[in-house]
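Written out below as structure tokens is the structure these notes cover.
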Amino acid sequence: MTKAITLGVLFCLPACAVTFTRDVAPILYRHCVSCHRAGEVAPFPLLSYADAAKRAALIASVTARRYMPPWLPETGYGHFAGSRRLSAGEIATLREWAAAGAPEGDPAALPPAPQFPDGWQLGLPDLTVHMPEPFAVPADGPDLYQCFVIPLPLTGDRYVRAVEFRPEARRAVHHALFLLDNSHAAREHGESYPCFGAPGFLPSGALGGWTPGSGPVRMPDGSPATLHRGTVLVMQVHYHPTGKPETDQSMLGLYFTDQAPTRHVMDIALGSNQIDIPPGDRAYKVRDHFTTPVAVDAIGIIPHAHYICKDMRGWAILPDGRKRWLIWIRDWNFNWQEHYRYAAAMHFPAGTRFEMEFTYDNSGDNPHNPNHPARRVEWGAASTDEMAGLHVQVVPRNGEDAHELGQALWGKVMRTVGGRFYRAPP
């Protein structure tokens, strides 16, 4: 019996060994090559065996540390569309392949490489807008965060069903957010201005965002975004120098529908501006909560902090006491922030309490801490300041409840600012 088992293992070794064509290429095609291909933001391609084999040890190392592919949310704490997080089995496969010397396998077993369409994926947009002027990205230096103010040429209300972003300098554009401004406050900053962290105005809405490898953004069914006459679009773009000078004049395509929204996306903004972190504090916590007076569907979530935030948690407590996770980011990285959309809407009844807790590490051991030695950090928009925001995007299940939810959210804002928006008449 022992001899038979031994012979079975020996015969299995060549066939069972992890190979590029059968085991590794499907993983890279699913999770990596949308960025790791010619002309994209990643520094090298991974489409071919030759590309991947010479970097097998690097691939095994960065995936084992979950540094790559970049995906911050923990598995099991919210189910998100477009997840790039590798499974434990996929990580083990990449490790075994590197340890075995990166064998190629049978070339006939190689699956077809993914195809990436040229041009607009959704067809010709109804409206295309560009950054006002080309923006020069230097060859090296720190990352840049720049806002571009784009008045929209609208003669009346339009309803946006989808948007598609096309960066010109694809290797330099790290991510982008598309914000709306009905107050025209952004225009006071000029056509283009630096905007690390906050955009310098209170957005009246948003059209989503873009990260390398992502596709067009489609609005939820029944909830197209409304653009009014005079609405200003603000592109907030994060640039990463590539080692050579780059010029970018990105564009955004807008796709309209004639159908007015029947459901409205609203923002449950959890957070605090009461941040004062002593140097050396490894576990400074910020908490907030909000109880919804109406039933809602959560469709997405946007976490935001700066460099020394370490751990982000968001959850909901249902009226019957059950806890449902919204998101958990164990190791926050400012440079990989995203707008996360749930794979399916999460239903929450009236009386659900949404909660958040952010933990900050202001010690010298935090590799993301920009201050050496560590210093006191307070709330603010500068890169050396901190913020705390967890924005839960919800749609009232009954459209008529939007007004009641809006009043409750406005009451939360006024309690947060302590009534400072109010000025007594003379």
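With Gln115 contributing its side chain and Ala113 its backbone, the two residues share a donor-acceptor pair below 3.5 Å. Between the side chain of Glu357 and the backbone N or O of Arg287 there is no donor-acceptor pair closer than 3.5 Å. Without hydrogens or angle criteria, Glu355 side chain to His289 main chain gives no donor-acceptor distance under 3.5 Å. Although no hydrogens or angles enter the test, the distance criterion places a donor-acceptor pair under 3.5 Å between the side chain of Arg324 and the main chain of His347. Remark: the backbone N or O of Leu180 is paired with a side-chain donor or acceptor of Ser204 at under 3.5 angstrom. At distances below 3.5 Å, at least one donor-acceptor pair connects side-chain atoms of Glu386 with backbone N or O atoms of Tyr307. Side chain of His189 to backbone of Phe201: no donor-acceptor contact under 3.5 angstrom is found.
Between Arg22 and Asp106, none of the side-chain N atoms (NZ, or NE/NH1/NH2) sits under 4.0 Å from a carboxylate O, so this pair counts as no salt bridge. Ion pairing between Arg158 and Asp126 fails under the 4.0 Å rule for side-chain N and carboxylate O.
Side chains of Lys412 and Thr291 form no contact here, defined as non-hydrogen atoms less than 4.5 Å apart. With a 4.5 Å cut-off on side-chain heavy atoms, Ser87 and Thr75 do not count as touching. The closest side-chain heavy-atom distance from Phe135 to Glu246 is not below 4.5 Å. Looking at heavy atoms from C-beta onward, Pro125 lies out of side-chain contact with Glu164 at the 4.5 angstrom threshold. Here the side chains of Phe354 and Met356 are not in contact, with every heavy-atom distance at 4.5 Å or above. Between Gln393 and Ile302 there is a side-chain heavy-atom pair separated by less than 4.5 Å. Using a 4.5 Å cut-off on side-chain heavy atoms (C-beta onward), Pro43 and His36 make contact. For the pair Phe256/Val160, a side-chain contact is recorded, criterion being any heavy-atom separation below 4.5 Å from C-beta on.
Note that the CH2 atom of Trp315 and the OH atom of Tyr77 stand 12.0 Å from one another [nearest 0.5 Å]. In this structure, CH2 in Trp71 is found 14.0 Å from CG in Asn333, a value given to the nearest 0.5 Å. In this structure, NE2 in His339 is found 9.5 Å from CD1 in Ile301, a value given to the nearest 0.5 Å. With rounding to the nearest 0.5 angstrom, the OG atom of Ser61 is 11.5 Å from the CG atom of Leu94. Taking CG of Leu270 as the reference point, atom CG of Asp288 lies at 5.0 Å (rounded to 0.5 Å). Rounded to the nearest 0.5 Å, atoms CD (Glu90) and CZ (Arg30) are 5.0 Å apart.
Across all non-hydrogen atoms, the minimal contact from Val18 to Pro103 is O-CG, 3.1 Å. Looking at every heavy atom in both residues, Pro241 comes nearest to Pro138 through CB-O, 3.5 Å. Between Phe20 and Ala52, the closest heavy-atom pair is CE1-CB, 3.8 Å.
Between the side chains of Ser250 and Asp248, a donor-acceptor pair is found at a separation under 3.5 Å. With no hydrogens or angles considered, no side-chain donor-acceptor pair links Thr242 and Arg171 at under 3.5 Å.
Screening Arg65, Arg66, Lys310 for a salt bridge (Lys or Arg N to Asp or Glu O under 4.0 Å) with Asp331, the sole residue that qualifies is Lys310. Each of Asp365, Asp361, Asn366 was evaluated against Arg282; a single residue qualifies, Asp365, per the side chain to side chain donor-acceptor pair (under 3.5 Å) test. A side chain to side chain donor-acceptor pair (under 3.5 Å) with Arg376 holds for exactly one of Asp276, Asn362, Asn371; it is Asp276.
Listed by first and then second residue, the salt bridge (charged side-chain N to carboxylate O under 4.0 Å, His left out) pairs involving residues 181-207 amount to none (not counting sequence neighbours). Sorted by first and then second residue, the pairs that involve residues 114-159 and meet disulfide bond (SG atoms under 2.5 Å apart), not counting sequence neighbours, are Cys147-Cys195.
In this structure, Tyr342 has its ring center at least 6.0 angstrom away from the ring center of His79.
Relative ring orientation between Phe358 and Tyr360 is described as tilted, the plane-to-plane angle lying within the 30° to 60° band. Note on ring orientation: taking the six-membered ring where Trp is involved, the planes of Phe80 and Tyr340 are tilted (angle from 30° to 60°). Using a 30° and 60° split on the angle between ring planes, Phe196 and His306 fall in the perpendicular class, above 60°. Using bins of under 30°, 30° to 60° and over 60° for the plane-to-plane angle, the ring pair Trp97/Tyr49 lands in the perpendicular bin.
By the 6.0 Å and 45° rule, Arg166 stacks over the aromatic ring of Trp120.
The environment of Arg229 atom CZ is sparse: at most 12 non-hydrogen atoms of other residues, nucleotides or ligands sit within 6.0 angstrom.
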Exercise. Between Phe44 and Leu58, is a side chain to side chain contact (heavy atoms under 4.5 Å, CB included) present by the stated rule, with each step listed?
Worked result: CA-CA 12 Å; Phe44 49 80; Leu58 175 63; 4.0 Å; yes
